[in-house]
Amino acid sequence: MDRSATRRILARRLLAVVGAAALGASCASPPEPRRGVLVAGEDLLDQARQLTFAGHRAGEGYFRSDGRALVFQAERDPLNPFYQIYRLELADGVVERVSPGPGKTTCAWFFPGGDAVLYASTEHDPTSMEQQSAELERREAGQERRYQWDFDPEYELYRIDLSTRERRRLTRARGYDAEGSVSPDGRWILFASNRHAYRDGAEPAGDPSAAMDLYRVRVDGSELERLTDAPGYDGGPFYSADGRRIVWRRFSPDGNAAEIWLMSLDDREPRPLTELGALSWAPFFHPSGDY
């Protein structure tokens, strides 16, 4: 790929990041999505500000549709060393835990309207408390392990109503079901899974992340559909604002590079957006659909 094409790709990705940063910078009245081209010499991140401070780690922060709240994962519960899900109201900075407390969680997403949250969790795993205690003991002994993501096969998708706190488990399959997002019309859940590697009681050969593919399912758990079947990890998928396309990251089989891929749900044909031979990460559609 020539340098001018690479610059165009990077510019599109940076504009998408700027759109998210601008929303976070203005809590009371989110601006209109930014359109246009990069301006030479412009500091595109001069409005960035830190939103979370407490806890050991925090990440995977996503906006509610009105831009006035975030849902994210963080290690900040003294009784659980693993990630739990939290909601941050940007107007007043109030943080509230969304997930119930036990187990591991990851990758939350607001349902349209913001009255419920999708997240992945191992809270049903009967060994959760034992794992928490063991990890706390390791950390207290100064034996904290090098950070590495855990593709725990107990991860399942959950929906929690933010007013009633009623939880509903949406998936029930051996394997890692996580990294979910909800379609703009609220009818479909898009997620990553290696469940096919666990069929008939089997265990994945080698790294379980290499068996990750994309799936979608109705919010009631029906009409499960596998969208990708390529070697290597497919994950982090999101819908375009019109719900007709998806974008995600795909790792090479050896795990040394990741590219950004697109798919139209009209034809189900995966198409590479980047071909950089490097680690490309965290793609998301600009609200306009142009970037």
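Residues Arg218 and Arg187 form a side-chain contact, since some pair of their non-hydrogen atoms from C-beta on lies under 4.5 Å apart. Using a 4.5 Å heavy-atom threshold, the side chains of Ile85 and Phe72 count as separate. Looking at heavy atoms from C-beta onward, His196 lies in side-chain contact with Asp213 at the 4.5 angstrom threshold. The closest side-chain heavy-atom distance from Glu156 to Tyr119 is not below 4.5 Å. In this structure, Arg245 and Leu265 have side chains that are not in contact, with every pair of non-hydrogen atoms separated by 4.5 Å or more. You'll find the side chain of Arg87 stays beyond 4.5 Å of the side chain of Leu70, heavy atoms only. Two residues are said to be in side-chain contact when any heavy atoms from C-beta on lie closer than 4.5 Å; Asp115 and Phe110 fail this criterion. Under the 4.5 Å side-chain criterion, counting only non-hydrogen atoms from C-beta, Leu190 is in contact with Ile246.
Note that the CZ atom of Arg249 and the CH2 atom of Trp261 stand 15.5 Å from one another [nearest 0.5 Å]. The CZ atom of Phe284 sits 13.0 Å away from atom CD1 of Ile260, with the distance rounded to the nearest 0.5 Å. Atom CG in Asp234 sits 8.0 Å away from atom CE in Met263 (nearest 0.5 Å). Here the CZ-OG1 distance, from Arg97 to Thr105, works out to 9.5 Å after rounding to the nearest 0.5 Å. Atom CG in Asp161 sits 9.0 Å away from atom CZ in Arg165 (nearest 0.5 Å). Between Asp290 atom CG and Ser240 atom OG the span is 11.5 Å, to the nearest 0.5 Å.
No donor-acceptor contact under 3.5 angstrom links the side chains of Tyr83 and His56, judged on distance only. Remark: the Tyr86 side chain and the Gln84 side chain contain no N/O donor-acceptor pair separated by less than 3.5 Å. In summary, the side chains of Tyr233 and Trp248 do not present any donor paired with an acceptor at a separation below 3.5 Å, with no hydrogens or angles considered.
Shown here for Ala192 and Gly235, the closest heavy-atom pair between the two residues is CB-CA, 4.0 Å. Of all heavy-atom pairs between Glu75 and Phe82, the closest is CG-C, 3.9 Å. In terms of heavy atoms, Asn194 sits closest to Pro208 at ND2-O, 3.1 Å. Residues Pro231 and Pro253 share a closest heavy-atom pair of CB-CG, 4.0 Å. Closest approach of Pro270 to Arg268, counting heavy atoms only: CD-O, 3.3 Å. Between Ala241 and Pro287, the closest heavy-atom pair is CB-O, 3.6 Å.
Under a 4.0 Å N-O distance rule, the pair Glu166/Arg159 does not qualify as a salt bridge. Using a 4.0 Å cut-off between a side-chain N of Lys or Arg and a carboxylate O of Asp or Glu, Asp66 and Arg64 qualify as a salt bridge. A salt bridge does not link Arg169 with Glu154: none of the charged nitrogens is closer than 4.0 Å to a carboxylate oxygen.
Each of Thr122, Asn80, Asp152 was compared with Lys104 under the side chain to side chain donor-acceptor pair (under 3.5 Å) criterion, and only Asp152 meets it. Tested against Glu135, the residues Gln132, Arg139, Gln131 include a single side chain to side chain donor-acceptor pair (under 3.5 Å) partner, Arg139. Paired with Ser193 under the rule side chain to side chain contact (heavy atoms under 4.5 Å, CB included), one option of Val217, Asp177, Thr171, Leu214 passes, and it is Asp177. Phe238 pairs with exactly one of Phe191, Phe63, Trp109 by the ring-ring contact (aromatic ring centres under 6.0 Å, His included) rule, that one being Trp109.
Tyr176 and Leu227 are members of different hydrophobic clusters when ILVMFWY side chains are connected at heavy-atom separations under 4.5 Å. Criterion: ILVMFWY side-chain heavy atoms under 4.5 Å apart, direct or through other members. Under it, Phe111 and Tyr239 are not part of a common hydrophobic cluster. Both Leu162 and Val71 are members of a single hydrophobic cluster when ILVMFWY side chains are connected at heavy-atom separations under 4.5 Å. Tracing side-chain contacts under 4.5 Å through hydrophobic residues (I, L, V, M, F, W, Y), one never reaches Leu88 starting from Phe53; they form parts of separate clusters. In this structure, Leu157 is a member of the same hydrophobic cluster as Leu224, with clusters built from ILVMFWY side-chain heavy atoms closer than 4.5 Å.
Side-chain atoms of Ser183 never come within 3.5 Å of backbone atoms of Gly243 as a donor-acceptor pair (strictly under, hydrogens ignored). When atom types are taken as modelled, the side chain of Glu223 and the backbone of Glu225 share no donor-acceptor pair closer than 3.5 angstrom. Checked by atom type and distance alone, the side chain of Asp200 never pairs as donor or acceptor with a backbone atom of Ala202 at under 3.5 Å. Side-chain N or O atoms of Ser133 include none that pairs as donor or acceptor with a backbone N or O of Glu130 at under 3.5 Å.
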Worksheet item: Could you walk me through whether Ile189 and Arg216 pass the side chain to side chain contact (heavy atoms under 4.5 Å, CB included) check?
Response: CA-CA 5 Å; Ile189 293 170; Arg216 75 169 188 164; over 6 Å; no

- [ ] Would you sort out whether Leu51 and Leu90 count as a side chain to side chain contact (heavy atoms under 4.5 Å, CB included), showing the intermediate values?
- [x] CA-CA 8 Å; Leu51 296 176; Leu90 293 171; 4.1 Å; yes

Does the pair Glu259 and Arg271 meet the rule for a salt bridge (charged side-chain N to carboxylate O under 4.0 Å, His left out), with working shown? CA-CA 10 Å; Glu259 305 290 357; Arg271 298 178 179 88; over 6 Å; no

Derivation and outcome, side chain to side chain contact (heavy atoms under 4.5 Å, CB included), residues Phe251 and Leu279:
CA-CA 8 Å; Phe251 273 80; Leu279 285 175; 3.5 Å; yes

Mind running side chain to side chain contact (heavy atoms under 4.5 Å, CB included) on Glu203 and Arg174 for me, showing each step along the way? CA-CA 10 Å; Glu203 293 288 322; Arg174 176 75 173 166; 3.7 Å; yes

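A 6.0 Å sphere centred on CD of Gln143 holds more than 12 heavy atoms belonging to other residues, nucleotides or ligands. Heavy-atom neighbours of Arg244 CZ from other residues, nucleotides or ligands within 6.0 Å: at or below the threshold of 12.
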